[in-house]
Amino acid sequence: MKLHTTLIVSLTSLCVLNACAARQQPEAETQAVKIRFNAAVNGAPFVCGKTYPGVGAKASTLTPRDFRFYVSHVSLIDTQGHKVPVRLNQETPWQHQNVALLDFENGSAGCEGNLETNDVVTGTVPAGQYKGLRFELGVPFELNHQDVNRASSPLNLTSLFWIWRVGYKFARLDFASSGQPQGYTVHLGSTGCGESAMMHGGGDSIARKAPISCSEPNRPDVFLKDFDPNTHHVTADLGVLLAESDIDLNQPETPAGCMSTLDDSDCVGIFKQLGLPFGKAPVGPQRFFRQDL
Amino acid sequence: MNVYFSKSLVLLMSSLTSLVALLACQAGEAPAQSTPLPSAQTSAQATAQAEAYIWKMPEGFPKPKIPADNPMTIAKVDLGRHLFYDKRLSLDQSQSCASCHLQSKAFSDGLRVPTGVTGVAHPRNSMALFNLAYNPTLTWNNHQLTQLETQMLLPLFGETPPEMAMTGLENELFKRLREQPLYQQKFKAAFPQDQDPFTLLRLTQALASFERSMISANSAYDRYVYAEDDSAISLSAKRGEALFFSETTECFHCHGGFNFTDSSSHTGNAFTERPFHNTGLYNLGGTGAYPADNTGLYELTHLPEDMGRFRAPSLRNIELTAPYMHDGSIATLEDVIEHYAAGGRTIRSGPYAGVGSTNPYKSGFVKGFKLTEQEKADLIAFLKSLTDHSFIQDPALSDPFAQSLK
């Protein structure tokens, strides 16, 4: 498999010729990796301002409002089947430590949010051969319960804060449907979290306490086993996510759509497509993400 | 330790002030051309001003815990007060924090439930705001929101329900504030060390500082207890006090301590309790369930025993904060006492029908009691002795924009 190695190789050669002679332990050779994402609704490209017929169990019409999600723990799979973490570039506002934000809404034509969009995850891996992709949908536990007032990009967006759940919305997939013209929201995030999950910056502040785990972490594990970053895209398909949900209806006395609430039956079909457990429903494979040429 | 009251610090501050005064004098004796003070001196002066916040509370009243990363300063409290009363903080600039938190009602709003700027009603009653610096948790049923700086992001940026509805509009908010010379000056004064103080961190720190300055400790009952003024409360209130602290009513278990809530934390506590209680308000279908949009702590923990458990609010200023309970579903103090006397509320028909007194998750202290009419009147006289009239008239907590118009 051919990766984006040319630049790295030239840089490495340059390094060998010049300054690196002084270095005790030169870093292992790396290669750049760029993982491209698409957003779609039943195969059609996701575009703010478009309407999509035939979505969900009752073939409703969907009008987009938002399409953003975090991914983390991005790894490539080497030829021996080992997971090799991608070290994410830290110079971009879309990535912080091991988490990246993908953003397909442009803040116009009925979409909320902002003008900027992002459809790639960039980083480096040790030079080598790779044949698969694995990542989590969501913000890692270690970052999910931080003090959001001190968070840096891309974890400093108020529309992705989930204050009530003391964390982040891992995915914000909002739209209007024929039956829910006021809006149907899909917000994924951890629930059932222990006391004082939110940490604060202050040294001896009253709330500074290590976070306790969450009973429903809700971070789908995505494994695309034949993924080649040079030829494939990751497609996140909202139509597939909603395939088993009636998006014209909302369970009474719950927020419109699915906010990952355990007692909200509107989440059943969505969690199934994410490959997440929901109550007593059987867990299947995740289908929201797929690889496309 | 609370540094704001430490005598050594006060001494240090006065020495700093004298030093600054001395240096200023020397500068004044210098030749006529204006020499700006060296930066060390200006920052010492700024520090002296910044640290000069003095709590208003009687001797013996516990001192609150303040986050180490957000010490109280006069400049922050002042900025926070302006922000609290500023409608620029909401989507259509129609509501400020003060729209649902009125000083005249101890910063509650007198409504069953409030409605945000987009017209969506909140499922829960607006909480009164005072003595917040002592609260280990802040909302009716969330055990995880423990600090004002983060809790306030809910009314500002929360979506379910939207309140001030600024979700995703933080840049717009800071643009609005930046345009005001008043805020250019006040943000700079509050955070002199910042290149750009127009950030979420600084906004929330200033608002939290103002909210922590809302100390209510001057009720008739406080004068009775802390100032040992035996004539401060009536005989009826004294009889009510005895009932309140008795095993007959059991009120004090959940509403005890200096702040009349078992959910309190101050510099004298090593440990903090964060109790939430089911008081038998509902029992849908005999299952123990509460209405789906108001399940209490259960909503957060998913533990069955947390169904219907809500935070015991302080009973200070309770006379001013009707209607009562997490959902504002009891109109008067008299009816609240009837609810507890019955050991829970019975709703005979409709979607919420059920016998609250048999709710399986009900607190053991809500077991019902029998009081004479006189005793009920005494209990209410006691509760009304907890009203702090100076608090609701304190100019330092009032609307600064209304004042500037005068």
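Every chain is numbered from 1, with letters handed out A, B, ... down the list of sequences.
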(message) Is the distance from the ring center of Phe310(B) to that of Phe276(B) below 6.0 Å?
(response) no
(request) Among Leu160(A), Asn114(A), Thr254(A), Thr191(A), single out the residue with the greatest number of heavy-atom pairs under 4.5 Å to chain B. (result) Thr191(A)
(request) Please check if the distance between the ring centroids of Phe46(A) and Phe104(A) is under 6.0 Å. (result) no
(request) Considering only heavy atoms and a distance below 4.5 Å, find which of Gly192(A), Gly107(A), Gly113(A) pairs most often with chain B. (result) Gly192(A)
(message) So that I know where these two stand, are Phe170(A) and Phe69(A) an aromatic pair - ring centroids less than 6.0 Å apart?
(response) no
(message) Angle between ring planes, Phe288(A) versus Phe67(A), binned at 30° and 60°: parallel, tilted or perpendicular?
(response) parallel
(message) Salt bridge check, Arg202(B) against Asp194(B): does any charged N sit closer than 4.0 Å to a carboxylate O?
(response) yes
(request) Could you look at Asp264(A) and say if it's the side chain, the backbone, both or neither that has a heavy atom under 4.5 Å from chain B? (result) neither
(message) Is Gln251(A) in contact with chain B via its backbone, its side chain, both, or neither, using a 4.5 Å heavy-atom distance?
(response) neither
(request) For each of Asn294(B), Thr204(B), Leu303(B), tally heavy-atom pairs with chain A at distances under 4.5 Å, and name the one with the top tally. (result) Thr204(B)
(message) Between Arg65(A) and Glu105(A), does any NZ, NE, NH1 or NH2 come within less than 4.0 Å of an OD or OE carboxylate oxygen?
(response) no
(message) Take a 6.0 Å sphere around CZ of Arg112(B) and say whether it holds more than 12 heavy atoms from other residues, nucleotides or ligands.
(response) no
(request) Determine the option with the most heavy-atom pairs under 4.5 angstrom with chain A, choosing from Leu154(B), Leu169(B), Thr199(B), Thr167(B). (result) Leu154(B)
(request) Please state whether the side chain, the backbone, both or neither of Thr139(B) comes within less than 4.5 Å of a heavy atom of chain A. (result) side chain
(message) Is Glu159(B) close to chain A through its backbone or its side chain, or both, or neither, when contacts mean heavy atoms under 4.5 Å?
(response) side chain
(request) Can you tell which part of Leu156(B) gets under 4.5 Å to a heavy atom of chain A, answering side chain, backbone, both or neither? (result) neither
